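Scroll down for the structure; my scribbles are underneath it.
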Amino acid sequence: MTIFSEKVLEVARNVQRGKTMTYKEVAARAGNSKAARAVGAIMASNKDLCIPCHRVIRSDGKIGGYNGLLGEKRMRLREEGAWQP
DNA sequence: TAGTTGACCGGAA
DNA sequence: ATTCCGGCCAACT
């Protein structure tokens, strides 16, 4: 566990329902705005199922990836009203 | 220790 | 609008 990863998880955990954050924003809040890619890597390896990582999306508005089924993430975001194409 | 990989980003063609 | 390319950082081999 590095400081950065803890920060990232903390930030992701802090995202409230109905809100979304880009990987870049999370990285910036964690201290390194250029580590957007690393954020995804951390999520993938840590598999934080206790964390609302589904509220973290890409900067271009796309969903991105997910540890489990991608459809679940999409459904949750639609349910929370954060992703309505 | 060094090389690869990937839930990314922004600019260029 | 879409595709391509280089850069960035942490985890894995």
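As the structure is a computational prediction, the values presented were derived from the model and not from experiment. Below, chains carry the letters A, B, ... as their sequence lines are ordered, and counting in each starts from 1.
- Cluster partners of Ile3(A), using a side-chain heavy-atom cutoff of under 4.5 Å among ILVMFWY residues and allowing indirect links: none.
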Counting primed atoms, P, OP1 and OP2 as sugar-phosphate and everything else as base, the B/S/- map of nucleotides 2-13 of chain B against protein heavy atoms under 4.0 Å is ----BBBSS---

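- Here Met75(A) is tied to no hydrophobic group at all, with no ILVMFWY side chain closer than 4.5 Å.
- Panel note: side chain Ser5(A), backbone Met1(A); no donor-acceptor pair is recorded below 3.5 Å.
- When the shell of 6.0 Å around NZ of Lys73(A) is examined, it contains more than 12 heavy atoms from other residues, nucleotides or ligands.
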May I have the step-by-step check of side chain to side chain contact (heavy atoms under 4.5 Å, CB included) for Arg55(A) and Glu80(A), ending in yes or no? CA-CA 9 Å; Arg55(A) 307 215 180 112; Glu80(A) 297 178 359; 2.8 Å; yes

Side-chain donor-acceptor contacts of residues 11-30 of chain A below 3.5 Å, not counting sequence neighbours, with atom names and distances?
unit_1   : atom_1 : unit_2   : atom_2 : d
Thr22(A) : OG1    : Glu25(A) : N      : 3.0

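- With sequence neighbours left out, the side chain to side chain donor-acceptor pair (under 3.5 Å) criterion links Asn46(A) to Asp48(A).
- For the segment residues 4-21 of chain A, the set of residues with a heavy atom within less than 4.0 Å of an atom of DNA chain B is empty.
- With respect to Arg58(A) and Asp60(A), a salt bridge is recorded, a charged nitrogen being found less than 4.0 Å from a carboxylate O.
- When the P atom of dC9(C) is taken as reference, atom CD1 of Ile3(A) falls 17 Å away, rounded to whole Å.
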